[in-house]
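In this chain, residues are counted from 1 in sequence order. Whatever order the structure lists them in is the order used to number ligands and atoms, beginning at 1.
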Amino acid sequence: MTYHSVFLSAGLTRPVQTKLFIGGRFVDGRAGGTIDVFNPFDGQKICEIAEARAEDVDDAVSAARSVQPAWARMDASDRGRLLLRLADAIEENSEELIRLEALDTGHPVRDARKLDIPRTARCFRYFGGMADKFEGFLPPVYPGFINYVQREPLGVVGQIVPWNFPLMFTSWKMAPALAAGNAVVIKPSEITPLSSLRIAELMQQVGIPDGVVNIVPGYGHSAGQRLAEHPDIRKIAFTGSAATGRRIVAASAGNLKKVQLELGGKGPNIIFEDANLRAAIGGSAWAIFHNQGQACIAGSRILVHEKLADEFVERFSGLARSIRLGDPMDPATEMGPLTSRLHQTRVLDYARIAVEEGGEIITGGKAPDAPELAAGYFVEPTIVRAETSHRVCQEEVFGPFVTVTTFRDDDEALQMANGVVYGLGSGLWTQNLSRAHRFAREINAGMVWINSYKVVHPASPFGGVGESGYGREMGFEAMHEYTQPKSVWVNVDAQVPPHYER
Ligand code: NAD
């Protein structure tokens, strides 16, 4: 536990958990290593957490294995009730979680209050309700036979989470896995581990049995790698970059574990000439600037009809310039810092690349000038006019950085929309119903938003196609991802089946 003036000044009045959570105990890593955690708003170190390495991951997997069968056999409604209680506990402690997430990630408290924490609670509640409603089925087979198919948990699953929505993504991964009767070993990002360790405490408080959830913050190349290759893990679910996704697939091959990948995106956000411009401008700002653009589903490529382009760019850039950057703890702040110094450098470098390739920076492209923001990892909301072949239109920038490209007609818009390796989120703004549905059918993406952007709900499948990965989170799809079918054949008449007779 760490009790530090940094936490007090952030309005956190109880000590913050900084150890690994294995088998229901908070422990140091066996090697005794630690990881420094920084405040993105001022670059100051806020605490050290214990570092999990391969041997700690092994301990966590053993702990999970020893309790998973009992967890799977528990009455499903009791399992569900524990998740419902956890959702309540998250809401009861929401103010603390909001501040912890803001301190660790740079998310403005107004966003964490509106989104991160309510969505986390909602996700646990949804899957808590699902635990005793997820059914098998009875296929119509040969006369004289009954065949029933039951869905069984996989066993111990490994889950690896990135830094952009640490708490929310922890819930997306954990909740369906637990509802289905799996035990989990979860590795938060080494950059943002604090909120998941607080969730571990809440899990104990509500009575989730020790060992069912184990949390091992550590580096990707050590703890993450071990999780991906571990022979006793039956599935690895990963959210992060495509480059790491490839390493995980390779590491998983040893025991042929199931793999689920939620990777990057380069979401097209198409504004047709008949769009409601006011809605499209507001929606496009939400699509790219929320969470400082650090969202895999961000609408990072605006494609706008040439007739509207000038008006759109003028009004959209006016809106971008008016976004209030500031201290994430200030309720008036609309945009906080990026989550790490390294990432800030990476995003700013894309502004240089854009110009070198012939793009035009309409606004932003630099850190803000205000002296009170100088120590933070800020990047101004950035809008760049660019061509589809430019790197900034092809590569995921993952910051408050959006390209604008014009199109002449629907065919060109579709070609541009599908002209990247990714296929995760996508949006379109039009009043034309048949065009909207035609594009929804033709766009290569796991999610399409019509006259909206970035709406998610635990009942609706979330995931991508192409190099955005495979598998789905949320809804019944997620329950399928965390279970496997077992087909049971019953010879009802107990006679020799006809094809056995000689
Ligand atoms: P990252 O791939 O660097 O890291 C993600 C996680 O993987 C971290 O916990 C990290 O420690 C771990 N990791 C790193 N190397 C590893 C290895 N060799 N083996 C096992 N684990 C390893 O990604 P990031 O920078 O943390 O997150 C940003 C990326 O995540 C972006 O590309 C973004 O699009 C993607 N993302 C995707 C989704 C989605 O749902 N599709 C959601 C959010 C973020």
Thinking salt bridges, do R226 and E55 make one under a 4.0 Å N-O criterion? no

Could you tell me the separation between the CD atom of Q260 and the OG1 atom of T239, rounded to the nearest 0.5 Å? 7.5 Å

Among F398, F169, Y377, exactly one meets ring-ring contact (aromatic ring centres under 6.0 Å, His included) together with W163. Which residue is that? F398

Above 12 or not: heavy atoms from other molecules or residues under 6.0 Å from CZ of R472? yes

Passes ring-ring contact (aromatic ring centres under 6.0 Å, His included), W172 versus Y482? Steps please. CA-CA 12 Å; W172 290 17; Y482 283 104; over 10 Å; no

Between R352 and E357, does a salt bridge (charged side-chain N to carboxylate O under 4.0 Å, His left out) hold up when you go through it step by step? CA-CA 9 Å; R352 179 189 59 76; E357 288 190 313; over 6 Å; no

Using a 4.0 Å cut-off on heavy atoms, what residues surround ligand 1? Order them by chain and number.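 Contacting ligand 1 under 4.0 Å are I160, V161, P162, W163, N164, F169, K187, P188, S189, E190, G220, G224, Q225, F238, T239, G240, S241, T244, R247, I248, E262, L263, G264, C296, E396, F398, L424, F462.
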
